[in-house]
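Accompanying notes for the structure given below.
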Amino acid sequence: MIEVSKKCIGCTKCVPVCPFAAINMIDKKAVMNEACTLCGACVQVCPVQAITITREEASAKDFSGYRGVWVYVQLDEAGEKGHAKKIKPVTFELLSAGRRLADELKEDLCAVVLTDKNHGYEKDLGAYGADKVYMVEHDELFEYNTDIFSTVIVGLVNRHKPSAMLYGATIQGRDLAPRVASTLYVGLTADCTALAIKDGLLLQSRPAFGGNIMADILAPNSRPQMSTVRPNVMKMAEPVLGRTAVVVRESAKLDKSLRRVKVLERKLDHGAGAVKIENANIIVSGGRGMKTREKFKQLEELSKLLGGVVGASRAAVDLGFKEKTHQVGQSGTTVSPKLYLSFGISGAVQHIVGMKASDVIISVNKDPNAPIFNVAKYGIVGDAHEIVPKLIEALRKN
Ligand code: FAD
Ligand code: SF4
Ligand code: SF4
């Protein structure tokens with residue numbers, strides 16, 4: 001329920017920020033109409049805190065009206081206004097997982113696209129399993145903005161009432177999902193590594209206590225049940241070409257004043273055109289066992305010869321052998337390349353969780369009992385400082 005108290009001074013600041021045209025000024029007081037979705041945007045701008053939103057006790061709610069598994073569609077950040085943007089692969093991974101969940105719940109799988117212009121995104125989204133695409137097109141959605149995107153999503157959720165919503169645990173998803181969750185006053189499970197259905201609820205599993213246990217989390221008292229999942233954690237299904245989704249066009253009245261943060265400039269910290277570790281097909285990773293920065297540099301050469309990207313354990317990053325953006329693992333990046341080569345990495349659970357989905361793992365460690373050998377397809381017990389130069393030499397000859 002939304003209420004405007006006597007404190008209202010009739011300043012009208014709340015009127016333009018309401019994306020749903022739900023505020024009328026009557027007798028110099030703000031009055032909300034039935035279009036209000038409880039998105040909360042007006043609460044933030046009121047200079048005298050005259051607006052309050054009261055939410056029902058979650059446990060007293062009837063959730064039978066909440067249906068549908070939603071996936072937030074993340075588009076590439078770069079790109080000019082009006083131009084087609086690529087859909088981030090994590091979206092397809094989430095749709096693949098979401099399809100399984102929606103089938104089990106016998107509900108629709110829906111994708112949510114916020115963009116300045118639709119470029120036929122429903123084709124790919126449908127091919128990866130979406131039944132429906134909620135499409136919001138507006139000039140103000142040309143680039144990601146926390147205030148604007150969260151306001152639109154909260155409005156859509158309040159209007160259509162999905163039972164679950166999934167986001168990629170990307171920089172954008174990690175910014176957006178908590179904002180939506182706090183506005184809706186629902187829970188959010190970050191960095192899930194497995195999703196399933198249990199007694200009609202979304203069973204969200206994620207590592208806890210430094211990765212030493214897996215926690216299973218249920219949210220029985222709020223809707224939607226919300227999770228973020230890192231890229232490369234869920235397997236992407238094969239697309240069914242020609243299968244498209246039904247597009248449901250949604251309108252939102254968005255005003256610039258909602259945008260409290262303005263992006264002035266974007267600077268990429270990777271070399272222009274460099275392949276990011278999460279997208280690499282081949283990763284050559286090193287750990288503390290590489291001993292020095294100079295010796296670690298040999299991995300750069302090996303990776304170049306193989307056409308791969310260098311990865312590192314957290315210990316190697318802490319020792320300054322490689323930048324944090326190359327760290328693989330629980331507090332780094334989750335990867336699933338075709339080939340993962342590791343040198344001098346012990347295989348702590350926090351490292352394994354970030355690379356175990358790789359197609360083929362080859363590990364070199366001088367300790368035959370190193371836990372990395374438990375996940376490696378091929379293990380070589382030996383000295384990395386002897387093996388790496390030999391590999392470089394052999395590859396140079398080819
Ligand atoms: P070590 O464990 O010290 O292993 C070095 C290995 O090199 C040993 O197995 C040794 O036998 C071998 N070795 C030594 N010399 C040679 C040689 N000449 N040739 C071949 N092998 C040799 N870690 C991550 O990697 N990623 C994360 O994201 C991450 N997140 C974490 C989050 C939390 C909350 C916590 C608590 C820890 C996290 N860690 C993470 C740290 C993790 O627990 C380990 O400490 C770390 O992975 C160890 O790195 P390492 O294998 O390089 O070093
Ligand atoms: Fe306020 Fe949002 Fe309701 Fe508009 S829709 S009145 S901005 S809570
Ligand atoms: Fe009233 Fe606050 Fe709206 Fe101003 S912003 S009209 S004070 S409710």
Side-chain angles (χ1 to χ4, degrees), residues 1-26 28-53 151-152 154-155 158-159 183 191 207-212 230 252-255 257-258 285-292 295-296 311-319 321-322 324 326-335 342-355 363-373 379-388:
M1 190 173 67
I2 187 160
E3 279 178 308
V4 180
S5 75
K6 284 184 184 152
K7 287 197 269 181
C8 174
I9 52 171
C11 72
T12 74
K13 279 194 179 151
C14 54
V15 177
V17 301
C18 175
F20 305 100
I23 309 178
N24 307 110
M25 294 304 296
I26 300 174
K28 294 195 178 150
K29 295 270 180 245
V31 177
M32 280 57 176
N33 63 40
E34 67 288 347
C36 174
T37 63
L38 302 183
C39 76
C42 57
V43 178
Q44 296 163 30
V45 297
C46 178
V48 293
Q49 286 84 46
I51 310 171
T52 45
I53 293 178
T151 302
V152 174
V154 168
N158 280 330
R159 202 177 284 164
T183 311
D191 288 349
F209 295 108
N212 292 316
R230 286 186 187 202
K253 189 176 132 288
L254 297 171
D255 189 86
S257 56
L258 256 182
S285 235
R288 198 198 308 267
M290 291 309 294
K291 300 279 187 328
T292 65
K295 288 195 170 146
F296 194 95
S313 70
R314 178 149 130 187
V317 169
D318 290 346
L319 287 163
F321 296 172
K322 198 69 197 156
K324 169 88 179 157
H326 290 252
Q327 184 183 313
V328 173
Q330 186 186 319
S331 50
T333 302
T334 304
V335 297
S342 85
F343 296 91
I345 293 180
S346 59
V349 63
Q350 297 89 354
H351 186 82
I352 302 279
V353 81
M355 45 66 86
S363 297
V364 176
N365 195 304
K366 65 179 189 185
D367 173 5
N369 298 315
I372 194 91
F373 290 136
I380 301 162
V381 179
D383 186 343
H385 305 301
E386 285 174 17
I387 294 166
V388 173

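We count ligands from 1, going down the list as the structure has it; atoms in each ligand are counted the same way.
Of all protein heavy atoms, the one closest to atom 8 (S) of ligand 2 is G40 N, 3.3 Å. Given atom 5 (S) of ligand 2, the protein heavy atom at minimum distance is T37 N, 3.4 Å. Among protein heavy atoms, atom 1 (Fe) of ligand 3 sits closest to C8 SG, 2.4 Å. C46 SG, 2.4 Å is the protein heavy atom nearest to atom 2 (Fe) of ligand 3. In terms of protein heavy-atom proximity, atom 3 (Fe) of ligand 2 is nearest to C36 SG, 2.3 Å. If you check which protein heavy atom lies closest to atom 4 (Fe) of ligand 2, you get C18 SG, 2.3 Å.
The residue from M355, K366, K324 that puts a heavy atom closest to atom 20 (C) of ligand 1 is K366. When the heavy-atom distances from atom 18 (N) of ligand 1 to D383, V317, I387 are ranked, the shortest goes to D383.
Of all atoms in ligand 2, numbered sequentially from 1 with element shown, those under 4.0 Å from a heavy atom of F20 are 5 (S). The atoms of ligand 1 that sit less than 4.0 Å from any heavy atom of D367 are 11 (O). Taking every heavy atom of G287 and a limit of under 4.0 angstrom, the matching atoms of ligand 1 come to 52 (O). Within ligand 1, counting atoms from 1 as listed, the ones closer than 4.0 Å to a heavy atom of G332 are 28 (O). Each of the atoms 26 (N), 27 (C), 28 (O), 29 (C) of ligand 1 lies under 4.0 Å from some heavy atom of Q327. Each of the atoms 25 (O), 49 (O), 50 (P), 52 (O) of ligand 1 lies under 4.0 Å from some heavy atom of S313. If you number the atoms of ligand 2 from 1 as listed, the ones under 4.0 Å from a heavy atom of I23 come out as 6 (S). Close approach of ligand 3 to I51 (heavy-atom distance below 4.0 Å) involves ligand atoms 8 (S). Those atoms of ligand 1 with a heavy atom of G329 less than 4.0 angstrom away are 26 (N), 27 (C), 28 (O). Each of the following atoms of ligand 2 lies closer than 4.0 Å to a heavy atom of M32: 6 (S). Short contacts between ligand 1 and H385, defined as distances under 4.0 Å to a heavy atom of the residue, involve ligand atoms 18 (N). The atoms of ligand 2 that sit less than 4.0 Å from any heavy atom of C42 are 1 (Fe), 6 (S), 7 (S), 8 (S). Near C11, the atoms of ligand 3 lying under 4.0 angstrom from a non-hydrogen atom of the residue are 4 (Fe), 5 (S), 6 (S), 7 (S).
The backbone N or O of G289 sits less than 3.5 Å from a side-chain atom of H385, completing a donor-acceptor pair. Side-chain atoms of N24 do not come within 3.5 Å of backbone N or O of I26 as any donor-acceptor pair. With T292 contributing its side chain and K295 its backbone, the two residues share a donor-acceptor pair below 3.5 Å. In terms of modelled atom types and a separation under 3.5 Å, the side chain of K29 and the main chain of G10 share no donor-acceptor contact. Side-chain atoms of S285 come within 3.5 Å of backbone atoms of A312 as a donor-acceptor pair (strictly under, hydrogens ignored). Listed for the H351 side chain is no donor-acceptor partner under 3.5 Å among the backbone atoms of I345.
At least one heavy atom of K291 sits less than 4.0 Å from an atom of ligand 1. The closest approach between any non-hydrogen atom of I9 and ligand 3 is below 4.0 Å. Residue contact check for ligand 1: G382 places a non-hydrogen atom closer than 4.0 Å to it. Heavy-atom distances between V17 and ligand 2 stay at or above 4.0 Å for every pair.
Nearest heavy atom pair, residue I51 against residue C46, reads CD1-CB, 4.1 Å. Of all heavy-atom pairs spanning A316 and F296, the tightest one is CB-CE1, 4.0 Å. In this structure, I23 and C14 approach most closely via the heavy-atom pair CD1-O, 3.4 Å. Looking at every heavy atom in both residues, M290 comes nearest to A384 through SD-CB, 4.0 Å. For G311 against V328, the heavy-atom pair with the smallest separation is CA-CG2, 4.4 Å. Across all non-hydrogen atoms, the minimal contact from L258 to A41 is CD2-CB, 3.8 Å.
The side chain of I2, and not its backbone, has at least one atom closer than 4.0 Å to an atom of ligand 2 (non-hydrogen atoms only; side chain from C-beta on). Contacts between T12 and ligand 3 below 4.0 angstrom, taking non-hydrogen atoms only, involve the backbone exclusively. Only the side chain of V48 comes within contact range of ligand 3, with a heavy atom under 4.0 Å; no backbone atom does. Under 4.0 Å from ligand 1, the heavy atoms of A348 that appear belong solely to its side chain. Using a 4.0 Å cut-off between heavy atoms, V328 contacts ligand 1 through its backbone alone, with no side-chain atom that close.
Among the backbone and side-chain atoms of C39, no N/O/S atom is found under 2.8 Å from atom 3 (Fe) of ligand 2.
Below 3.5 Å of separation, one finds an N or O of G344 facing an N or O of ligand 1. Residue G347 places no N or O, backbone or side chain, under 3.5 Å from any N or O of ligand 1. In terms of polar-atom proximity, defined here as any N/O pair under 3.5 Å, A316 makes no such contact with ligand 1.
A heavy-atom distance below 4.5 Å is found between the side chains of C39 and F20. V4 has its side chain within reach of M32: a pair of non-hydrogen atoms, C-beta onward, lies under 4.5 Å apart. Counting heavy atoms from C-beta outward, T151 and Q44 have side chains that stay 4.5 Å or more apart. Considering only heavy atoms from C-beta on, V381 stays 4.5 Å or farther from N365 through its side chain.
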- Might you work through the side chain to side chain donor-acceptor pair (under 3.5 Å) test for R288 and S313, ending with a clear yes or no? CA-CA 8 Å; R288 198 198 308 267; S313 70; over 6 Å; no

- Message: side-chain contact (heavy atoms from CB on, under 4.5 Å) for I372 and M355? Distances and angles first, verdict last.
- Response: CA-CA 11 Å; I372 194 91; M355 45 66 86; 4.0 Å; yes

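In this model, a donor atom of one side chain and an acceptor atom of the other lie less than 3.5 Å apart for S363 and S342.
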